[in-house]
Amino acid sequence: MIPKLAIHHLTLLSALRETGSMTISASRLGITQSAASHRLREAERRIGISLVQRGETGFQLTSEGERLRRLGENFLAELFRLEQELEASAREQRLLVRLGQATYSRYHWFPAFLEYLEAEDTHLTVDLSGNATSRPLASLIDGSVDVSLVFGREPALAQFKATKLGSDPIVAVMSANHPLASEAVVNSLNMGDERFFVYPLTAEPGFDWTTLLGAPVEPFRRLTSMPTPEAVIDLVRASFGVALFSQWAIEPELADGTLVARPIADDGMYLDWWCVRRASDPNDGPAARLAEALLSWSAQSDRALSTLAFAADRPSL
């Protein structure tokens, strides 16, 4: 069955949702305003329902229009990914794999991994996707990434296949001249009135510090939410407070001495990290090959100060 709405109808819905203006949307699409209006009327005629309504601030999508826009954008993203993969294969006889990483937009490890991959599997090429930062599992489902690096418990859903990369310490992070830097352990028991920064781990359920670590023994007295982990790093580095991080994510700052890390329990606490792909992908396919390369590379402990080289023999959370 051929869909009643064509790609140019879906792109118009996306433009209208973003701009709220028929004139601006038409300009973005390189067509006249009358052509855009005709395109919208034709889309509504074909499907038999209203897709757009005029509001106080301009055009707004109806609930049906929003559903079509969201599914259309996912389709176009997957189509674009497939085109990239096919073009890369034809040009260089390489297979493109899209890689995402949960929570931390930190890729200090990536150049070293690419160097390793170039020697280990010359037919793979890797592209990074920011979608997985907040939606590591949903991005796998919608096809915007092929492999996601995630933390916590192994994903239990049947549509995923996960390989454990290793376990990494969860640490309290602060500037080198912060008063708590002299403590052997830093947690809610000795934080007192010090500011504690929190940041979103992901937008998906089950990825929050309370779920992963349990409730603090004592409530934090000064809790400040920030939009990104990277914003927290800047503030902590300037001695404005303390935060929790998976240690690998702040290794560059630990290496240059601008930040220090302290365990949050006497015996330490560790977080499992997983390389996750779709279970439907073949075991000898590009995603599986990339996952295997990440597993092999991350076990190289000599890279630990600047990469995802986890301590595999550590107790996990």
Side-chain angles (χ1 to χ4, degrees), residues 77-78 81-82 84-86 88-89 92-168 201-202 204 206-207 246 248-249 270-304 306-314 316-317:
E78 178 65 12
R81 185 193 71 81
L82 179 60
Q84 284 187 311
E85 181 178 340
L86 294 176
S89 297
E92 302 178 11
Q93 293 299 304
R94 289 195 170 206
L95 299 171
L96 177 67
V97 188
R98 294 177 62 83
L99 174 66
Q101 175 179 282
T103 299
Y104 302 119
S105 298
R106 312 216 80 196
Y107 294 96
H108 45 276
W109 58 272
F110 193 58
F113 172 67
L114 286 183
E115 181 181 349
Y116 172 85
L117 185 65
E118 184 68 26
E120 292 297 312
D121 195 330
T122 59
H123 293 97
L124 286 184
T125 185
V126 183
D127 192 18
L128 295 175
S129 172
N131 288 350
T133 303
S134 60
R135 302 167 57 251
L137 299 181
S139 296
L140 283 168
I141 294 174
D142 67 27
S144 57
V145 300
D146 303 301
V147 176
S148 278
L149 304 181
V150 304
F151 50 83
R153 298 173 181 85
E154 180 180 5
L157 298 178
Q159 60 259 54
F160 301 127
K161 184 169 185 178
T163 303
K164 185 177 176 181
L165 290 173
S167 299
D168 195 55
L201 297 184
T202 83
E204 296 176 336
F207 291 92
S246 192
W248 74 262
Y270 296 82
L271 196 63
D272 290 343
W273 280 82
W274 304 84
C275 185
V276 185
R277 60 184 177 88
R278 290 178 291 271
S280 58
D281 291 343
N283 289 330
D284 58 350
R289 286 158 56 181
L290 181 66
E292 181 61 32
L294 279 164
L295 178 64
S296 176
W297 174 78
S298 68
Q300 298 186 23
S301 59
D302 61 324
R303 301 178 184 268
S306 60
T307 70
L308 286 170
F310 301 120
D313 59 339
R314 298 288 190 178
S316 61
L317 183 65

Trainee: Report yes if some heavy atom in the side chain of Asp146 is under 4.5 Å from a heavy atom in the side chain of Leu290; otherwise report no.
Mentor: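 A side-chain contact under 4.5 Å is absent here.
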Trainee: Quick one: pull up OG1 in Thr125 and CZ in Arg98 and give me the separation to the nearest 0.5 Å.
Mentor: 11.5 Å
Trainee: Looking only at heavy atoms, which two atoms of Gln159 and Ile141 are closest? And how far apart?
Mentor: NE2-CD1, 3.8 Å
Trainee: Hey, is the main chain of Arg106 close enough, under 3.5 Å, to the side chain of Gln101 for a donor-acceptor pair?
Mentor: yes
Trainee: From Leu294 CG over to Tyr116 OH, what is the distance, rounded to the nearest 0.5 angstrom?
Mentor: 9.5 Å
Trainee: Can you give me the closest heavy-atom contact between Gly152 and Trp274, atom names plus distance?
Mentor: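 In this case the closest contact between Gly152 and Trp274 is O-NE1, 2.8 Å.
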Trainee: Can you tell me how far apart CG (Leu271) and OG (Ser246) are? Round to the nearest 0.5 Å.
Mentor: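 Interatomic distance, Leu271 CG to Ser246 OG, rounded to 0.5 Å: 5.5 Å.
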Trainee: Could you pull out all residues at least two apart from Ala288 that satisfy side chain to side chain contact (heavy atoms under 4.5 Å, CB included)?
Mentor: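 Counting only residues at least two positions away or on another chain, Ala288 forms a side chain to side chain contact (heavy atoms under 4.5 Å, CB included) with Arg277.
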Trainee: Between Leu99 and Ser129, does the side-chain contact (heavy atoms from CB on, under 4.5 Å) criterion hold? Intermediate values first, please.
Mentor: CA-CA 6 Å; Leu99 174 66; Ser129 172; over 6 Å; no
Trainee: Does any N or O in the side chain of Glu204 come within less than 3.5 Å of the main-chain N or O of Leu137, such that one atom is a donor and the other an acceptor?
Mentor: yes
Trainee: Would you call Glu154 and Asp272 a side-chain contact if the rule is heavy atoms closer than 4.5 Å?
Mentor: no
Trainee: Among all residues two or more places apart in sequence or in another chain, which pass the ring-ring contact (aromatic ring centres under 6.0 Å, His included) test with Phe207?
Mentor: Phe151
Trainee: Report the relative orientation of the aromatic rings in Trp248 and Tyr104; use parallel for angles under 30°, tilted for 30 to 60°, perpendicular for over 60°.
Mentor: perpendicular
Trainee: With Ala132, which residues qualify under side chain to side chain contact (heavy atoms under 4.5 Å, CB included), at least two apart?
Mentor: Ser139, Val145, Ser148
Trainee: Are Ser144 and Asp142 side-chain neighbours, meaning at least one heavy-atom pair lies under 4.5 Å?
Mentor: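 Yes; the side chains approach each other to less than 4.5 Å.
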Trainee: What's the separation between atom CG in Leu117 and atom CZ in Arg289, rounded to the nearest 0.5 Å?
Mentor: 9.5 Å
Trainee: Check whether any side-chain heavy atom of Thr202 lies under 4.5 Å from a side-chain heavy atom of Val150, and answer yes or no.
Mentor: no
Trainee: Does Pro286 reach the side chain of Leu124, with side-chain heavy atoms less than 4.5 Å apart?
Mentor: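 The answer is yes; the side chains approach within 4.5 Å.
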Trainee: Taking all heavy atoms of Ala102 and all of Trp273, pick out the closest pair and write down the distance.
Mentor: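 The pair with the smallest heavy-atom distance is O-CH2, 4.1 Å.
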Trainee: Distance check, rounded to the nearest 0.5 Å: Ser298 atom OG versus Trp109 atom CH2?
Mentor: 9.5 Å
Trainee: Is any side-chain heavy atom of Asn283 less than 4.5 Å from a side-chain heavy atom of Lys161?
Mentor: yes
Trainee: Specify whether Phe110 and Tyr107 have parallel, tilted or perpendicular ring planes, treating 30° as the upper limit for parallel and 60° as the lower limit for perpendicular.
Mentor: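 Aromatic pair Phe110/Tyr107 classed perpendicular.
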